[in-house]
A.B. asks: 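Sharing a structure here in structure tokens format.
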Amino acid sequence: MKNEKAKKAAAAVCVLSAVFVVAFLVTADIFHKPLRETDKYSVAMGTVITQRLFSRSDASKECADIDEIINTLENKISWRKEGSPIYSLNKNNTAGCDEELSEIFSRSKAVYDASSGAFDITVGSLTTLWNIGEETARVPDENEIASALSFVDGSKINVSDGVVTSGKGQLVDLGAVGKGLACDKVREYLEETDINGAVISVGGSVLLYGENEETETWSVGVRDPRGESDEYMGVLSVSYCCVSTSGDYERVLRKDEKTYHHILDPKTGYPSDSSLISVTVVSSSGFMSDALSTACFVLGREKGERLLSMFDAEGVFIDSEKNVFVTPGLKASFTLTSDKYVLSGEAQ
Ligand code: ADP
Ligand code: MG
């Protein structure tokens with residue numbers, strides 16, 4: 001009897017030890033397995049999406065999911081997509097508004113107020129008049145601009161009881177925040193997965209997710225606004241944030257030796273003329289980095305710097321003389337790599 005018990009106990013110990021050894025080997029294998037990279041390129045939101053995911057196992061499914069998340073967002077917030085709430089709003093001046101849209105409108109209003117209207121999502125009557133970046137782009141005459149300007153007023157957007165309304169004839173254009181918003185949606189998704197790190201760029205907005213296993217921070221190139229599309233003038237070493245750039249090179253119309261870019265000043269109706277040629281904003285929120293980069297581009301450096309401090313964001317400003325201004329919180333993370341630009345010590 002005693003012998004029987006001893007045998008059972010010994011068997012139990014053996015099984016437990018085996019389970020322990022297997023568990024140890026599996027865990028050790030997971031921890032020692034190097035991170036692998038899965039890349040994907042696609043096109044959405046009128047721009048190129050590049051995904052670089054780092055994980056212990058293949059991340060093709062996650063890459064496909066991310067593409068779908070971005071496409072779904074585009075179908076919801078683009079005024080061009082027939083059937084989207086923004087399409088309906090622009091057609092009828094009223095549309096159903098879920099919690100996500102309601103938050104988009106309230107955050108847009110916060111940046112509209114703080115930037116004294118330099119950032120204004122009701123700029124749609126102007127953007128569709130100029131159509132910069134499209135084949136139908138043209139320089140409108142002064143009367144057309146005055147007429148379009150009369151519809152631009154971000155204070156007229158109202159949200160209540162699940163319904164959004166705009167002023168008569170107003171056109172909402174979320175082009176200045178869509179790509180940053182996409183970064184936020186992708187981050188929310190990644191947090192639910194086993195992905196260890198990721199760099200996702202949606203046009204001029206980049207999500208830096210998790211940590212780079214080797215260097216902790218990620219390196220993001222700041223595009224040379226006067227160079228080719230793959231040329232950088234500096235590098236930011238950052239993590240856990242979004243980086244958005246607005247520049248005068250992104251979409252342009254050339255007419256009679258003049259160049260017109262796609263970021264419009266809601267006060268004048270013309271492409272903004274603040275002497276900045278590029279603004280890069282770093283924020284924990286993709287929406288904010290995108291909205292603020294557009295706002296700062298219109299406001300100019302000094303007002304732009306003040307705006308960034310109100311939203312706990314940092315930035316790199318480049319003016320038309322190729323002077324580079326970096327806000328204090330970002331100085332240690334920015335390296336100038338091009339001798340065509342001069343780093344200024346003036347940014348406060
Ligand atoms: P990109 O779209 O090239 O990343 P931005 O984020 O700066 O650049 O957004 C520019 C887009 O935002 C324009 O194409 C237009 O749709 C819209 N827009 C232009 N001017 C303004 C403005 N002053 N406020 C808000 N949105 C704007
Ligand atoms: Mg923007």
Side-chain angles (χ1 to χ4, degrees), residues 44-49 70 74 77-80 86 90 104-105 107-134 137 145 148-149 151-155 157 170-184 201-207 222-223 225 229 242-253 260-274 276-283 285-300 303-304 307-308 311 313 315 317-318:
M45 294 189 155
T47 192
V48 177
I49 318 282
I70 296 173
E74 182 179 10
I77 65 166
S78 170
W79 61 265
R80 289 183 173 88
I86 304 301
N90 287 354
I104 292 172
F105 288 121
R107 296 172 95 190
S108 296
K109 180 66 167 40
V111 181
Y112 166 80
D113 286 336
S115 68
S116 307
F119 169 88
D120 190 335
I121 57 168
T122 66
V123 78
S125 55
L126 283 168
T127 51
T128 51
L129 178 65
W130 284 88
N131 258 327
I132 294 178
E134 307 292 321
I145 290 190
L149 262 178
F151 297 108
V152 180
D153 181 353
S155 68
I157 302 292
Q170 282 197 310
L171 296 179
V172 166
D173 174 357
L174 295 174
V177 291
K179 295 164 192 131
L181 258 173
C183 291
D184 286 336
S201 75
V202 186
S205 287
V206 187
L207 166 70
V222 177
R223 184 169 156 183
S229 59
C242 290
V243 179
S244 293
T245 299
S246 289
D248 70 353
Y249 51 83
E250 200 62 56
R251 288 164 192 240
V252 294
L253 161 66
Y260 302 86
H261 63 77
H262 73 315
I263 301 174
L264 305 174
D265 185 337
K267 298 273 182 293
T268 65
Y270 285 85
S272 74
D273 187 16
S274 65
L276 293 175
I277 59 173
S278 157
V279 181
T280 296
V281 173
V282 180
S283 163
S285 149
F287 178 95
M288 280 301 168
S289 66
D290 204 356
L292 293 171
S293 68
T294 307
C296 287
F297 193 89
V298 176
L299 281 177
K303 287 183 183 164
L307 181 71
L308 293 190
F311 289 93
F317 297 75
I318 307 176

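For ligands, and for the atoms within them, numbers begin at 1 and follow the listed sequence. These numbers come from a predicted model, not from an experiment.
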A.B. asks: Using the ring centroid of each side chain, check whether H261 and F297 are separated by less than 6.0 Å.
C.D. replies: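 Here the rings of F297 and H261 have centres that are less than 6.0 Å from each other.
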A.B. asks: Relative to the heavy atoms of P266, which atoms of ligand 1 are at a distance of less than 4.0 Å?
C.D. replies: 23 (N)
A.B. asks: Can you confirm whether the side chains of S289 and S283 place a donor and an acceptor under 3.5 Å from each other?
C.D. replies: no
A.B. asks: Looking from the Mg ion (ligand 2), what is the angle between OG1 on T294 and OD1 on D290, to the nearest 10°?
C.D. replies: 180°
A.B. asks: With a 4.0 Å cut-off, would you call R80 and E134 a salt bridge?
C.D. replies: yes
A.B. asks: Short N/O distance, under 3.5 Å, between D173 and ligand 1?
C.D. replies: yes
A.B. asks: Going by the closest heavy atom to atom 7 (O) of ligand 1, which one wins out of P271, S246, G204?
C.D. replies: S246
A.B. asks: Atom CH2 of W130 and atom OG of S125: how far apart are they, to the nearest 0.5 Å?
C.D. replies: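 Answer for the CH2-OG pair, W130 versus S125, is 13.0 Å.
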A.B. asks: Checking contacts here: is it the side chain or the backbone of D120 that comes within 4.0 Å of ligand 1, counting heavy atoms only? Could be both or neither.
C.D. replies: backbone
A.B. asks: Tell me yes or no: between the side chains of S244 and S205, is some donor less than 3.5 Å from an acceptor?
C.D. replies: yes
A.B. asks: Short list, please: which atoms of ligand 1 are under 4.0 Å from a heavy atom of D290?
C.D. replies: 6 (O)
A.B. asks: Please identify which atoms of ligand 1 are closer than 4.0 Å to at least one heavy atom of V123.
C.D. replies: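 Listed by number with element, the hits are 18 (N), 21 (C), 26 (N), 27 (C).
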A.B. asks: Nearest heavy atom to atom 2 (O) of ligand 1: which of H261, K179, R251, E250 does it belong to?
C.D. replies: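 Looking at heavy atoms only, K179 sits closest to atom 2 (O) of ligand 1.
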A.B. asks: Which is it for A118 and ligand 1 at heavy atoms under 4.0 Å: side chain, backbone, both or neither?
C.D. replies: backbone
A.B. asks: Write down the atom of S293, the atom of T245, and the distance for their closest heavy-atom approach.
C.D. replies: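 Nearest heavy atoms, S293 then T245: OG-C, 4.1 Å.
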